[in-house]
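To start, the structure itself, in structure tokens.
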Amino acid sequence: MPAQNNPHLAVCPDFTSEDYAPRRATLTQRQEAAAAASAAQAQEQEALEKEDQRKNAAKYLPHSDKPVPRTLPIIPSVAVIAKLRKGDYVPLYHFTRAGLKAVDRSAASEDSSSGHLTTDTEGSLVWTPILASKTARSVVPDSDLTFEEFSTATPRMLQAMITAGWPRERVSMFHGFGPMFNATTTGLLSKNAINDEQQRVASDRCPMV
């Protein structure tokens, strides 16, 4: 059976006319009510978030975008760090596994509450725990370190020198000993000769500036 009315010939209603005024008013009221409800909900949510920030401030502390480290930081004793900041000679042994463990064992045997007043680089008095000021007692000279000890301690010491504020050119100077030492594996250079030279240069207490 053919369609009675052709939809293509239908006239589009004029929704702006007076006949549709009541419907337009109803729609406008509904839209305004929905907008008011949404605004009230947003204000309520904002108030709840502010109250939560006030009560649980730790949840909203700023954080770094840097990735989480995959290795534990190498932290020598405070005494070693203080020497590096002054530009003093520090034996590589303090950055070997044995040297770091020696400080840990010494710290574990001390009372963490005991300490003494010291002066920092700015002349201010600071409380320094005794366990933090200790260094390894039996220090192995650089010339007696094994290849493994030398290889692991050198990058640790270089990083500590950068952290302590050493100029880049000074760090690069010490870094130059690394390839020379690696050449000993092929018998090109003497390990003791390189270690002695590095110790001699470091013992001169090269100025940091």
Side-chain angles (χ1 to χ4, degrees), residues 69-112 114-209:
R70 297 185 179 182
T71 58
L72 293 176
I74 304 300
I75 304 177
S77 69
V78 175
V80 170
I81 296 176
K83 285 186 176 181
L84 283 178
R85 288 177 177 172
K86 294 179 181 179
D88 292 346
Y89 163 65
V90 176
L92 277 172
Y93 174 78
H94 293 297
F95 296 91
T96 63
R97 183 178 302 177
L100 294 171
K101 285 185 176 180
V103 176
D104 291 339
R105 288 194 298 268
S106 177
S109 63
E110 294 287 345
D111 181 7
S112 60
S114 60
H116 54 86
L117 288 175
T118 57
T119 304
D120 60 13
T121 56
E122 297 180 357
S124 302
L125 290 177
V126 294
W127 178 261
T128 303
I130 292 179
L131 61 84
S133 62
K134 286 185 174 295
T135 59
R137 295 180 179 178
S138 301
V139 178
V140 178
D142 293 354
S143 57
D144 293 337
L145 295 178
T146 64
F147 173 80
E148 180 182 0
E149 290 173 334
F150 189 96
S151 300
T152 56
T154 297
R156 294 172 180 173
M157 183 173 183
L158 293 174
Q159 183 59 48
M161 291 168 66
I162 295 175
T163 304
W166 279 62
R168 289 287 178 174
E169 59 272 14
R170 295 293 179 180
V171 178
S172 299
M173 180 187 68
F174 282 93
H175 183 267
F177 285 101
M180 293 176 60
F181 184 78
N182 290 335
T184 61
T185 58
T186 59
L188 297 179
L189 294 172
S190 168
K191 178 177 79 70
N192 288 338
I194 295 175
N195 279 339
D196 291 342
E197 178 63 15
Q198 184 182 36
Q199 187 172 2
R200 183 192 65 77
V201 174
S203 298
D204 290 339
R205 298 185 179 182
C206 299
M208 297 178 59
V209 294

Atom pair CG (Leu84) and CE (Met157), whose distance is rounded to the nearest 0.5 Å: 5.5 Å
Passing candidate, side-chain contact (heavy atoms from CB on, under 4.5 Å) with Val80, options Val90, Asp88, Leu100: Val90
Tyr93 versus Val139, closest heavy-atom pair with distance: CD2-CA, 3.7 Å
Nearest-0.5 Å distance that lies between atom OG1 in Thr152 and atom CG in Leu92: 9.0 Å
Sequence-distant partners of Ile81, side chain to side chain contact (heavy atoms under 4.5 Å, CB included), two or more places apart: Pro76, Arg85
Atom pair CG/CZ of Leu158 and Arg170 - distance to nearest 0.5 Å: 14.5 Å
Residue list, side chain to side chain contact (heavy atoms under 4.5 Å, CB included) with Ala82, at least two apart or on another chain: none
Side-chain heavy atoms of Arg168 within contact of Ile162, under 4.5 Å: yes
Heavy-atom closest contact (Phe95 atom, Arg156 atom, distance): O-NH1, 2.9 Å
